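Beneath this line is the structure, given in structure tokens, with notes to follow.
On a predicted model such as this, the values are computed, not experimentally measured, just so you know.
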Amino acid sequence: MPIPLVNSIASWFLKKRFHQIELFLKYPNEVQNELLFQLLSTAKDTEIGKTYDFSSMTNYKTFCERVPISSYEDCQEMIERSRRGEHNIFWPNPIRWYAKSSGTTNAKSKFIPVSTESLEDCHYAGSKDLLCMYLNNNEDSQLFTGKSLRLGGSKELYKENGTVFGDLSAILIDNMPFWAEFSSTPSSKVSLMSDWEVKMQAIVEETRNENVTSLAGVPSWMLVLLNNILDATGKDNLFDIWPNLEVYFHGGVSFVPYLDQYKAILPKSNFKYYEIYNASEGFFAIQDQNNSSELLLMLDYGIFYEFIPMNTYGTPNIKAIPLSEVKVGVNYAVIITTNAGLWRYKIGDTIRFTSTNPYRIKVSGRTKHHINAFGEELIIENAEDALRAVCNSTQSEIVDYTAAPIFMNGKAKGSHEWLIEFKTPPQDLNTFNELLDTKLKSLNSDYEAKRLNNMTLNMPTVHIARKRLFYDWLKQHDKLGGQHKIPRLSNSREYIDELLNLNIIQ
């Protein structure tokens, strides 16, 4: 298809879609409230709809009183029944696809339902809106003159009892319209290879001679691929391979630890980075401005949002609030009700609002991935902001890291233990450690209070991880590629002890 025609079609779609986006920007709470009752009406005759009497619900308060907040474990039995072929349990239309997710690096698999509605009106809608917003902000874009290099999960799809499960990215690729194949690289055949390391080499060979204009994928794994391509071609930066490359669409993990490494291999000041916030459960938010770290919460994708202030999360005083009651700067756990039959479901992420007009957010971490062994409430956002600042000060670069508490033992006070794999290590690890401690104090008042005069916490301990430690650990657990990621912060020593032992083994 000629590029001018593609641009005209995109422009038409853009204008049409922006009218709808303007509606939820202007009336966000009304749109969300209407959506909730559409979901309740659609599912009123399902098993769960009858259990909680959806048909008689007339307001949000009733919905909160009757429907409990749930975790995957609470839904697991119903989801397994659905996977075995039962219908009309939590959603009226048959669910054919299930996104298999381990929820970071837990060994236990989750099977998240993906309905036809969530596939079309949420996941694909989010991808289209991402392009809309990017093109709206960059009218001179030449995105459609080349291909998008997409990097998804490494697992193929599996059929069972008439249903299909696999990585969300594999489900999305398998259901893409035929024309999308022509604008993407690598081919679906290569994208769905199950052996991650074989797949990496195949992607290098298939993409190195393409005209790639955009990248899309998880930052950690995309960086591995791009460095492999540079090694294979002997080039210093990616523009020597793909001169028309203009944007990287990323999500899945925080981009903060990787930004400097991307800038080193993409050395153009006008190169664009666009972030998305999605998961197996849905597509939630999109960066809608150039050079911004804030994401616009998308309110018309069939997802009704609620939020739990983290200072009440896991306590007897836990309380979920609707979008209309959120405040800027507060850390919230995200609760969703979706057009795939998840009802008041805890997705395990934490966010904070940077604006309420419109509703823009930043992802701050995971409800389980923080350190609060001593009341210090250290979240991933604090850790990554501190690490980036310290790396800038010490001219060092980080590949990956994890941290956990050293628990009090008798009279010995507690502390934090960090295991960091560096691409460029600091000249003096003690200086790095001191700067990290100082920066964390400046970012987190709870941490600062616990560190005051070593009252509760001693100075943290930092270890240097051997090269490829985290890669080897993920490989050992069959978790290379896709959405699999290192548990950055943990309240237990489960991960760090295993990694420290592996660090000794060469």
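- Here the shortest heavy-atom pairing between Ala285 and Ile361 reads CB-CD1, 4.0 Å.
- If you check the side chains of Lys362 and Ser293, you find a donor sitting under 3.5 Å from an acceptor.
- The shortest non-hydrogen separation linking Ile95 to Pro113 is CG2-CB, 4.0 Å.
- Between Glu205 and Gln201, the side chains place a donor N or O and an acceptor N or O closer than 3.5 Å (distance only, hydrogens not considered).
- Between Arg208 atom CZ and Lys235 atom NZ the span is 9.5 Å, to the nearest 0.5 Å.
- Atom NZ of Lys272 has more than 12 neighbouring heavy atoms from other residues, nucleotides or ligands inside a 6.0 Å radius.
- Counting only N and O atoms by type, the side chains of Tyr98 and Ser82 include a donor and acceptor under 3.5 Å apart.
- Of all heavy-atom pairs spanning Pro487 and Thr402, the tightest one is O-OG1, 2.6 Å.
- With hydrogens and angles left out, the side-chain atoms of Asn290 and Tyr274 include a donor and acceptor closer than 3.5 Å.
- Nearest approach of Cys122 to Phe283, heavy atoms of both residues: SG-N, 3.1 Å.
- The closest side-chain donor-acceptor pair between Gln287 and Ser292, if any, does not fall under 3.5 angstrom.
- Between the side chains of Asn291 and Tyr273, no donor N or O sits under 3.5 Å from an acceptor N or O.
- Remark: Lys268 is positioned above the aromatic ring of Phe239, its terminal NZ or CZ atom under 6.0 angstrom from the ring centre and at most 45 degrees off the axis.
- Neither side chain, Ser118 nor Asn339, offers a donor N or O lying under 3.5 Å from an acceptor on the other.
- Within the 3.5 Å criterion, the main-chain N or O of Ser71 finds a donor-acceptor partner in the side chain of Asp74.
- Checked against salt bridge (charged side-chain N to carboxylate O under 4.0 Å, His left out), Glu117 has no partners two or more places apart in sequence or in another chain.
- In this structure, Arg83 forms a cation-pi arrangement with Phe165, its terminal cationic atom sitting closer than 6.0 Å to the ring centre and no more than 45° off the ring axis.
- For the residue pair Thr185/Thr207, the side-chain donor-acceptor check at 3.5 Å is not satisfied.
- Under 3.5 Å, the side chains of Tyr471 and Gln476 contain no donor-acceptor pair of N or O atoms.
- Between the OG1 atom in Thr145 and the CD atom in Glu246 there is a gap of 7.0 Å [rounded to 0.5 Å].
- Using cut-offs of 30° and 60° on the angle between ring planes, the pair Phe353 and Phe307 is perpendicular.
- Asn433 contributes no side-chain N or O that, together with a main-chain N or O of Leu429, makes up a donor-acceptor pair within less than 3.5 Å.
- Remark: the backbone N or O of Ile336 is not paired with any side-chain donor or acceptor of Trp343 at under 3.5 angstrom.
- Between Leu436 and Ala386 the shortest heavy-atom distance is CD1-CB, 3.9 Å.
- Across Val218 and Tyr248, no two heavy atoms sit closer than the pair C-OH, 3.5 Å.
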